[in-house]
2 protein chains.
Amino acid sequence: MSVEGSQLAEVLRAHGLRVTAQRQLVLDAVRDLGHATAERVHEAICGKVTGVNITTVYRTLDLLESLGLIAHTHLSHGAPVYHLAGNRGHVHLVCHRCGAVDEIDPEVFDGLRRSLEQQRGFLLDVGHVALFGICASCEKANL
Amino acid sequence: MSVEGSQLAEVLRAHGLRVTAQRQLVLDAVRDLGHATAERVHEAICGKVTGVNITTVYRTLDLLESLGLIAHTHLSHGAPVYHLAGNRGHVHLVCHRCGAVDEIDPEVFDGLRRSLEQQRGFLLDVGHVALFGICASCEKANL
DNA sequence: GTGATTGCAAAACATTTGCATTCCA
DNA sequence: TGGAATGCAAATGTTTTGCAATCAC
């Protein structure tokens with residue numbers, strides 16, 4: 001927390017922006033939750049401190065994303081989900097049945113990326129990809 | 001139009017549901033538009049006839065989907081996009097820049113599907129997949 | 001002190017619901 | 001005719017915006 005906190009402060013100052021408690025709280029919540037919607041981030045913050053408005057959460061998520069600190073993906077029902085951007089993009093596996101979100105290494109996409117690029121000239125952005133299906137545990141439970 | 005129209009009538013009657021002009025209009029619009037949100041379907045219908053309510057469009061899209069005639073995918077900004085379900089699932093390529101939606105054959109996923117299944121036990125549902133990136137024409141325009 | 005940031009309330013937007021009316025069967 | 005389907009209006013839920021108050025610098 002302290003480490004990420006100070007990183008945030010550096011980035012903010014480097015852009016001439018101000019370091020506020022709200023911004024640290026939002027970044028912390030995104031990190032702690034792993035994958036979370038704006039509303040879940042807000043809930044998490046309300047569990048710690050009081051008086052942080054949902055409006056600020058929306059604004060801060062946008063800000064942190066434009067700073068490259070976090071990124072969002074569209075998983076199932078349309079609610080954008082935020083996660084730390086730090087490490088190179090990861091791919092989301094969403095289970096249709098239980099809603100679990102798993103992450104996989106983007107290198108499984110290398111073959112696909114290459115063929116899309118050659119056949120279509122389409123440059124795949126792995127960070128925004130979400131794949132739907134049935135996860136292993138739901139599959140077992142169903143048998 | 002007449003062919004799909006009569007198919008629709010058959011399916012509706014087979015389920016004890018009523019054949020209405022609105023249902024045919026919505027199905028026609030989805031087919032004609034290729035990929036469209038509820039709102040775009042509504043606009044398209046309003047261009048032909050007057051007095052079809054957006055509420056009915058939402059209800060009818062749900063109905064047609066539960067009948068297996070259409071399907072929806074979540075492309076970018078959270079608005080569900082509907083398309084004909086008929087032929088086996090296709091995969092959507094969405095351009096981040098211009099918003100164009102292209103379709104590709106699911107077989108490009110075969111390699112990926114196999115490794116996900118072996119490594120993770122994850123059963124990929126190709127129909128709901130949306131891939132983001134930059135399409136060929138935007139890429140060219142940018143250079 | 002000054003201007004960026006926040007909180008609040010209200011607006012905007014998309015979708016759903018209740019209920020009276022319409023119309024297919 | 002009877003009940004499903006529709007239209008309308010209002011409710012709901014989420015995200016955005018305007019503006020005054022606050023707080024980091």
Side-chain angles (χ1 to χ4, degrees), chain A residues 5-6 8-30 36-46 48-67 69-70 72-82, chain B residues 5-6 8-30 35-46 48-67 69-70 72-82 99:
Chain A
S6 54
L8 170 61
E10 280 175 32
V11 175
L12 288 173
R13 289 204 194 90
H15 287 260
L17 298 166
R18 294 181 179 174
V19 181
T20 66
Q22 287 89 336
R23 285 169 179 175
Q24 292 178 5
L25 285 164
V26 169
L27 184 59
D28 287 348
V30 169
T37 61
E39 191 167 4
R40 280 193 51 63
V41 168
H42 185 227
E43 282 172 19
I45 293 176
C46 287
K48 292 184 184 177
V49 300
T50 131
V52 175
N53 197 279
I54 182 86
T55 304
T56 302
V57 172
Y58 279 109
R59 282 194 281 229
T60 304
L61 286 171
D62 277 353
L63 179 76
L64 295 179
E65 184 165 34
S66 70
L67 291 174
L69 294 172
I70 63 177
H72 79 271
T73 316
H74 295 281
L75 304 185
S76 44
H77 28 278
V81 174
Y82 290 85
Chain B
S6 53
L8 170 61
E10 280 175 31
V11 175
L12 288 172
R13 289 205 194 88
H15 287 259
L17 298 167
R18 293 182 180 173
V19 181
T20 67
Q22 287 89 334
R23 287 168 177 176
Q24 293 178 5
L25 284 164
V26 169
L27 184 59
D28 287 349
V30 170
H35 297 90
T37 61
E39 190 167 7
R40 278 194 53 63
V41 168
H42 184 228
E43 284 172 17
I45 292 175
C46 287
K48 290 184 183 176
V49 302
T50 132
V52 176
N53 197 281
I54 182 85
T55 304
T56 303
V57 173
Y58 279 109
R59 283 193 279 230
T60 305
L61 286 171
D62 277 352
L63 179 77
L64 296 179
E65 184 164 37
S66 70
L67 291 174
L69 294 172
I70 63 177
H72 79 272
T73 316
H74 294 280
L75 304 185
S76 44
H77 28 279
V81 173
Y82 290 84

query = C:dA14, C:dT5, C:dG7: which one has an atom nearest the side-chain heavy atoms of A:Val52?
reply = C:dG7

request  = Let me know the distance between NE2 of B:His42 and P of D:dT6, rounded to the nearest Å.
outcome  = 13 Å

query = If you look at every strand shown and take non-hydrogen atoms under 4.0 Å, does A:Gly16 touch a base, only sugar-phosphate, or nothing?
reply = nothing

inquiry  = If the cut-off is 4.0 Å, is B:Tyr58 near the phosphate of C:dT16, judged by side-chain N/O to OP1 or OP2?
reply    = no

query = Which nucleotide, D:dG2, C:dA14, C:dT6, lies nearest any side-chain atom of A:Gln22?
reply = C:dT6

key: Rounded distance (Å) that lies between atom P of C:dA25 and atom CD of B:Glu10   = 14 Å

query = Any side-chain heavy atom of B:Glu39 sitting closer than 4.5 Å to one from B:Val57?
reply = no

message = Output the rounded distance in Å from CG (B:Leu63) to P (D:dA5).
response = 7 Å

request  = Select from B:Val19 and B:Ala38 the residue whose nearest nucleotide in DNA chain C is closer to the 5' end of that strand.
outcome  = B:Ala38

ask   = Toward the 5' end of DNA chain D, which comes first, B:Arg18 or B:Asn53, by nearest nucleotide?
value = B:Arg18

request  = May I ask you to evaluate whether A:Thr20 reaches the phosphate of C:dA4, defined as a side-chain N or O under 4.0 Å from OP1 or OP2?
outcome  = no

task = Rounded to the nearest angstrom, tell me the gap between atom CG in B:Leu61 and atom C1' in D:dT6.
result = 15 Å

request  = In whole angstrom, give the distance that lies between atom NE2 of A:His15 and atom C1' of C:dT5.
outcome  = 17 Å

message = What's the closest nucleotide to the side chain of A:Arg23 if the choices are D:dG3, D:dC25, C:dT6?
response = C:dT6

query = Looking across every strand, which nucleic acid part, if any, lies under 4.0 Å from A:Arg59 by heavy atom: base, sugar-phosphate, or nothing?
reply = base

key: Heavy-atom pair with the smallest gap, counting every atom of B:Val81 and B:Ala36   = CG1-N, 3.3 Å

inquiry  = Expressed as a whole number of angstroms, how long is the span from B:Gln24:CD to D:dT6:C1'?
reply    = 15 Å

request  = Let me know the distance between CG of B:Leu64 and P of D:dT6, rounded to the nearest Å.
outcome  = 10 Å

query = Is there a side-chain contact between A:Leu61 and A:Val30, using heavy atoms and a 4.5 Å cut-off?
reply = yes

ask   = Hey, is the main chain of B:His72 close enough, under 3.5 Å, to the side chain of B:Glu65 for a donor-acceptor pair?
value = yes

request  = Look at all strands and tell whether A:Leu17 reaches a base, only sugar-phosphate, or nothing, counting heavy atoms closer than 4.0 Å.
outcome  = sugar-phosphate

query = To the nearest Å, how far apart are A:Leu12 CG and D:dA24 P?
reply = 13 Å

task = Using heavy atoms to find the nearest nucleotide of DNA chain D for B:Ala21 and B:Thr55 separately, return the residue whose nucleotide is more 5′.
result = B:Ala21

Contact check, side chains of A:Leu17 and A:Leu67, non-hydrogen atoms, under 4.5 Å = yes

